[in-house]
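A quick write-up on the structure given underneath.
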There are 2 protein chains.
Amino acid sequence: MNYNSQPTPGKPVRGSKTGQPIMVIFDLLGRKWAMGIIWHLNNGPSTFRALQAYCENISPTTLNKRIKELSNAHLIMKTLDGYALTEQGKELFNLISPLGKWAKTWAKKITI
Amino acid sequence: MNYNSQPTPGKPVRGSKTGQPIMVIFDLLGRKWAMGIIWHLNNGPSTFRALQAYCENISPTTLNKRIKELSNAHLIMKTLDGYALTEQGKELFNLISPLGKWAKTWAKKITI
DNA sequence: TAACATTGCTACTTTAAATGTAGCAATATG
DNA sequence: CATATTGCTACATTTAAAGTAGCAATGTTA
């Protein structure tokens with residue numbers, strides 16, 4: 001089986017030979033720093049180096065890969081001010097943003 | 001820098017030296033198959049082998065790691081009927097479930 | 001305008017994560 | 001008792017991510 005390194009709807013990804021959209025998104029977001037990048041960019045456009053600084057330990061190699069993948073997926077784009085969320089990226093952020101509040105209560109419950 | 005393999009609130013994870021809950025969640029869910037497992041378990045309890053079958057190419061090694069991590073995070077648990085979502089796992093599913101519908105429209109827009 | 005700083009990378013090596021395959025002990029089923 | 005199923009573990013291989021160095025392009029300062 002041959003999986004594309006760029007998760008694309010309609011093409012096989014890990015978890016779905018038919019490329020079900022939700023599985024494509026899980027594959028895309030389930031890569032290191034992908035959600036963190038989207039989370040951060042909601043604060044406004046950011047340069048490559050600023051993103052690197054935000055994602056404390058990300059290597060430029062990995063950051064560059066995530067940027068390309070998320071750009072290909074039309075979730076982020078390059079602007080004169082740096083990388084920024086697209087309209088679709090903002091939509092996605094709005095969907096995952098409730099996780100922030102939930103995570104805090106979750107953290108309290110599971111921490112001894 | 002030494003990161004725990006089990007993302008834990010309050011302990012450093014990739015992306016947050018202080019272990020901010022949202023970063024812990026991103027680290028936990030941003031591992032292969034983690035979200036897929038939660039997604040699938042919302043349909044009801046599932047055995048180890050059934051989960052393997054659902055996550056078409058997951059190796060038992062990786063599945064076992066994800067199960068342990070998600071169990072430690074109190075998102076899934078073992079029951080007499082197999083692995084199942086905890087109450088917190090159900091809460092998390094409810095937060096990520098809108099992604100399913102959104103992913104479909106996203107897929108249409110980005111597919112040529 | 002020459003020197004220095006910043007940005008957005010690429011190249012390369014090392015380390016960690018995931019995959020693939022085999023197989024075994026425990027329990028259930030015929 | 002034989003066979004099947006389940007829940008793994010062990011181990012080798014492959015892939016992804018991290019870590020580090022550095023360079024070309026552009027901007028900034030003296």
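In the text below, chain A, chain B and the rest are named by the order of the sequence lines, each starting its count at 1.
The side-chain heavy atoms of A/Pro9 and B/Ile110, taken from C-beta on, include a pair separated by under 4.5 Å.
Proximity note for B/Thr47 (side chain, C-beta onward) versus C/dT21, D/dG22, D/dG7: the nearest is D/dG7. In this structure, of D/dA18, C/dG23, D/dT9, it is C/dG23 that holds the atom nearest to the side chain of B/Arg49. Picking from C/dA18, C/dC9, D/dG19 the nucleotide with the shortest atom distance to the side chain of A/Phe48 gives C/dC9. Picking from C/dT10, D/dT9, C/dT7 the nucleotide with the shortest atom distance to the side chain of A/Pro60 gives C/dT10. Listed nucleotides C/dA18, C/dT19, C/dG8 differ in distance to B/Arg31; the shortest reach to its side chain belongs to C/dA18.
A close approach under 4.0 Å does occur between a side-chain nitrogen or oxygen of B/Asn64 and OP1 or OP2 of D/dT9.
Side-chain N/O atoms of A/Thr61 and base N/O atoms of D/dG19 include a donor-acceptor pair closer than 3.5 Å.
Side-chain atoms of A/Trp106 come within 3.5 Å of backbone atoms of B/Ala73 as a donor-acceptor pair (strictly under, hydrogens ignored).
With rounding to the nearest 0.5 Å, the separation of OG1 in A/Thr86 from CD in A/Glu91 is 8.0 Å.
In this structure, the CD1 atom of A/Ile58 is 15 Å from the C1' atom of D/dT20, given to the nearest Å. The CG-P distance, from A/Leu63 to C/dT7, rounds to 14 Å in whole Å.
Between B/Tyr54 and B/His40, the ring planes are parallel. Angles under 30° get that label, and only those over 60° would be called perpendicular.
Along DNA chain D, the nucleotide nearest A/Thr62 and the nucleotide nearest B/Lys78 are compared for position; the residue whose nucleotide lies closer to the 5' end is B/Lys78.
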